[in-house]
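These notes are about the structure you will find just below.
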2 protein chains.
Amino acid sequence: MRAEIIAVGTELLMGQIVNTNAQYISRGLADIGVGVYFQTVVGDNVQRMKESLRIAKGRADVIICTGGLGPTQDDLTKDVLAETVGQRLVMHAPSMDKIEQMFQARGVPMVESNARQALMLEHSEPLANDTGLAVGVALTHEGTHYVLLPGPPKEMKPMFDRYAKPWIVSRMESVQPLYSVMLKFAGIGESQLEHALIDLIEAQGDTTIAPYAKEGEVAIRLTTRAVSEAEAQTKLQPLEADIRRRVGEYVYAAEDIALEEAVLRRLADQGRTLAVAESCTGGLLSDLLTNIPGSSAAFAGGIICYTNRVKHGLLNVPMEQLEGVEAPGAISEETARMLAEQVLALTGADYGVSVTGVAGPGESEGKPVGLVYVGVAARDGETTVKQLQQFGNRETIKLRSAKSALYHLWKRLNS
Amino acid sequence: MRAEIIAVGTELLMGQIVNTNAQYISRGLADIGVGVYFQTVVGDNVQRMKESLRIAKGRADVIICTGGLGPTQDDLTKDVLAETVGQRLVMHAPSMDKIEQMFQARGVPMVESNARQALMLEHSEPLANDTGLAVGVALTHEGTHYVLLPGPPKEMKPMFDRYAKPWIVSRMESVQPLYSVMLKFAGIGESQLEHALIDLIEAQGDTTIAPYAKEGEVAIRLTTRAVSEAEAQTKLQPLEADIRRRVGEYVYAAEDIALEEAVLRRLADQGRTLAVAESCTGGLLSDLLTNIPGSSAAFAGGIICYTNRVKHGLLNVPMEQLEGVEAPGAISEETARMLAEQVLALTGADYGVSVTGVAGPGESEGKPVGLVYVGVAARDGETTVKQLQQFGNRETIKLRSAKSALYHLWKRLNS
């Protein structure tokens, strides 16, 4: 089944927003085994929208449009599809009721154009909008499947996941559902991981192995079609076991969660708390941790010791260790060790993690960009320090250093 | 002049990466007055790439391709264009020299496929790649302009900005260059700003007014065509003056820099330093500040006081102020004030900024999600605290709170 995604919106063509919808839908279609052959972006223009639909009809089995379902005169997607397939637009009563109720609840008179959001094609199926007002449309016409979704991601994503994907699956010749397992890795690069699994990746058949890499983390998704959960397990388990035999030490979760969430969960399970002393990561490590709801159960806080004055004044690192020709300096194993131990002592946390290094763009203390030390201190154990060499620009080095710190803590929590 | 952007890469169709290149190029083309009518994404497939070029040729004057210029067998964009326009590929000697030198410098033998990156069409112009190895291509054939750019953004962006944009401008009928002014705003929302300027926006003609909003900041770009800088000034200055008369108090820069950079520059100019005490922003404020190279000149560091234990233990807030039925609590004007004053005193900085509030998803201390207090303490002045009500999810509330803290500091630095 060949798919094409058409995103409608002049704001995309002006570069005011990024087409994240295309990525989201592409990934979702990949999950159900539908290949996307083209993505197109077209403005809010009837003639060009028609042309895009005509081209897509010639080369795709399923066409997914996002955008242009709203109440304004610029929202034309339903009108264009209706004209293209020769059907009338009709009112979807439950959607109309919902719109009227919403305006009543707000105590605001309904502007008439809002009724446009309840329109659907006369022979189409409605797709419910759980997070907004514009109803979606699913339609099969002359062998081509059409799906119209809203543009705002917070409306598009639930409609796509809950209603459009199952509808597309119902239209596929093979209706064997997909089962998948996500393995998330830390402490290993994408190319190193691929190298360790290259024979499995090259030999993949019915069960696929897809590596992903983003924002300092690497993941592998194993996917297969099966008639039942049990059959899926018999296909996926040996492969997962083989992968774990090779690179299991780097697996931190068998679900799609960030490393910081895995660390926080493990800490909470153990009833332990964490404090951090951040130099070169400058708050990013704390920011990642506190993006996780409920993080305060295990994350106490920390100190951003960006200058030597703060390393000395708040974290008691002796000035003679930080400065001077013979001194190890702020970027050293000694300082990483002391920062981790001191932040633990000062906050009363069970674990103290430190990061000190050169984020760039220039070198510091005569040390090269990317040189980073990560320290892990434990209330009831020894302090360990790792020396790392990161590559990339300032923000990449900060991110990779923060993830490395989390990884070394993770290793300690599991040792 | 009508443009079409074709991004080449199966990883885009698989949803592994987002097509940020299309946004970047669209915005750059808008800046020089070129309208993008379509964006397309196609995989690494000769037949489908040819089809995309053929369709684009029928509806665009300039076609910009990104991706597929690398060394591997999947990198086919130059081959496809060469076949489409009936030209041979030839070696661009300076690019070849550069590739050979790079391998020599690394002490690694050159894999032969790397030579592909030095290829160009025989009647094309090379576009230099200042940050990578694959040379770009600019070509006019049968009245259509073609530009081939690399896919990795760090190579694409400099090539597009430095070489492709000027080349496209040189191909435009109107060669009056564009001049623009960017005004950046903080402390005012996009809709509020638009409302204040709506008559100017609606009356815009030759000189355009484009509002942008992203990541907690709002910007306006004024753009005009003129034969000279002097003529541009006479067109732009009255408009800028009018805007500043209305909303000038919210303008923090007349160039495209982030608020944190404007704050750091102002601090450095005044020879002052800043320390922060972050509760609900959890490190994000420090992270934003330390993303700016050279931030250590003005940013000393701070304390992530995520728990009451840290607010009390490190920042000396009395427990009876934080906890108890009658206590103001951690999320209060009193605590914001004390956090700002204490972090200033502890670090010896000139300014102390604090943020405490409810990032959500759940309420805290019986206080609603989005309630945030921002404190600003100064070594030689009084402490001010602002109460804010933010909206959005956890990460949005963190970001808007961090930006609000920066804005209130900015106001103080300019008062």
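Just so it is clear: chains get the letters A, B, ... in the order the sequence lines come, proteins before strands, and each one is counted from 1. Not measured: the values here are computed from a predicted model.
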Check: chain A heavy atoms under 4.5 Å from B:Arg394: which part of the residue, side chain, backbone, both or neither?
Finding: side chain
Check: Tell me, side chain or backbone of A:Val42 under 4.5 Å from chain B's heavy atoms, or both, or neither?
Finding: both
Margin query: Applying side-chain contact (heavy atoms from CB on, under 4.5 Å) to B:Phe38 and A:Val41, what does each step give before you reach the verdict?
Written below: CA-CA 6 Å; B:Phe38 294 93; A:Val41 178; over 6 Å; no
Note to self: Using heavy-atom distances under 4.5 Å, tell me whether A:Arg309 contacts chain B through its side chain, its backbone, both, or neither.
What the structure shows: side chain
Notebook entry, point to check: Contact part of B:Ala300 toward chain A, heavy-atom cut-off under 4.5 Å: side chain, backbone, both or neither?
Noted result: both
Notebook entry, point to check: Which answer fits B:Asn19, side chain, backbone, both or neither, if we ask what part of it has an atom under 4.5 Å from a heavy atom of chain A?
Noted result: backbone
Note to self: I'd like to know which of B:Gly301, B:Gly302, B:Cys305 tops the heavy-atom pair count under 4.5 Å against chain A.
What the structure shows: B:Gly302
Notebook entry, point to check: With a 4.5 angstrom heavy-atom cut-off, which part of A:Glu51 approaches chain B: side chain, backbone, both or neither?
Noted result: side chain
Item checked: Side chain / backbone / both / neither for B:Glu11 at chain A, heavy atoms under 4.5 Å -> neither
Notebook entry, point to check: Highest number of heavy-atom pairs under 4.5 Å with chain B: which of A:Cys280, A:Ser279, A:Gly348, A:Ala22?
Noted result: A:Gly348
Note to self: For B:Ile55, which atoms come within 4.5 Å of any heavy atom of chain A: side chain, backbone, both, or neither?
What the structure shows: side chain
Note to self: Going by side-chain contact (heavy atoms from CB on, under 4.5 Å), B:Asp287 matches just one of A:Thr281, A:Ile304, A:Leu285, A:Asp287. Which one?
What the structure shows: A:Asp287
Notebook entry, point to check: Once you round to the nearest 0.5 Å, how far does OH of B:Tyr37 lie from CG of A:Leu13?
Noted result: 10.0 Å
Notebook entry, point to check: Which region of B:Val18, side chain (C-beta onward) or backbone (N, CA, C, O), has a non-hydrogen atom less than 4.5 Å from a non-hydrogen atom of chain A, or is it both or neither?
Noted result: both
Check: Under 4.5 Å between any side-chain heavy atoms of B:Lys398 and A:Asn291, yes or no?
Finding: yes
Note to self: Heavy-atom pairs under 4.5 Å with chain A - which of B:Lys154, B:Arg59, B:Lys311 has more of them than the others?
What the structure shows: B:Arg59
Item checked: Which atoms of B:Ile292 approach chain A - backbone, side chain, both or neither, heavy atom under 4.5 Å -> backbone
Note to self: Side chains of B:Met14 and A:Val36, heavy atoms from C-beta outward: is any pair under 4.5 Å?
What the structure shows: no
Notebook entry, point to check: Would you say the side-chain atoms of B:Glu278 pair up with the backbone N or O of A:Gly283, donor to acceptor, closer than 3.5 Å?
Noted result: no
Notebook entry, point to check: When only pairs under 4.5 Å are counted, which of A:Leu289, A:Leu29, A:Ile17 shares the most heavy-atom pairs with chain B?
Noted result: A:Ile17
Notebook entry, point to check: CD/A:Gln23 to CD/B:Gln16 distance, rounded to the nearest 0.5 angstrom?
Noted result: 9.5 Å
Next item on the list: Hey, could you give me the CD1/OG distance between B:Ile303 and A:Ser286, rounded to the nearest 0.5 Å?
Entry: 11.5 Å
Item checked: Which atom of A:Pro361 lies closest to which atom of B:Pro293, heavy atoms considered -> CD-CB, 3.5 Å
Checklist line | Gap between atom OH of B:Tyr306 and atom OG of A:Ser295 - 0.5 Å precision | finding: 3.5 Å
Checklist line | Residue selection (most heavy-atom pairs with chain B, distance under 4.5 Å) from A:Ser296, A:Gly28, A:Ala30 | finding: A:Ser296
Item checked: Per-residue contact mode, B:Leu314 against chain A (heavy atom under 4.5 angstrom) -> side chain
Check: chain B: which of A:Val310, A:Asn393, A:Leu284 shares the most heavy-atom pairs with it under 4.5 Å?
Finding: A:Leu284
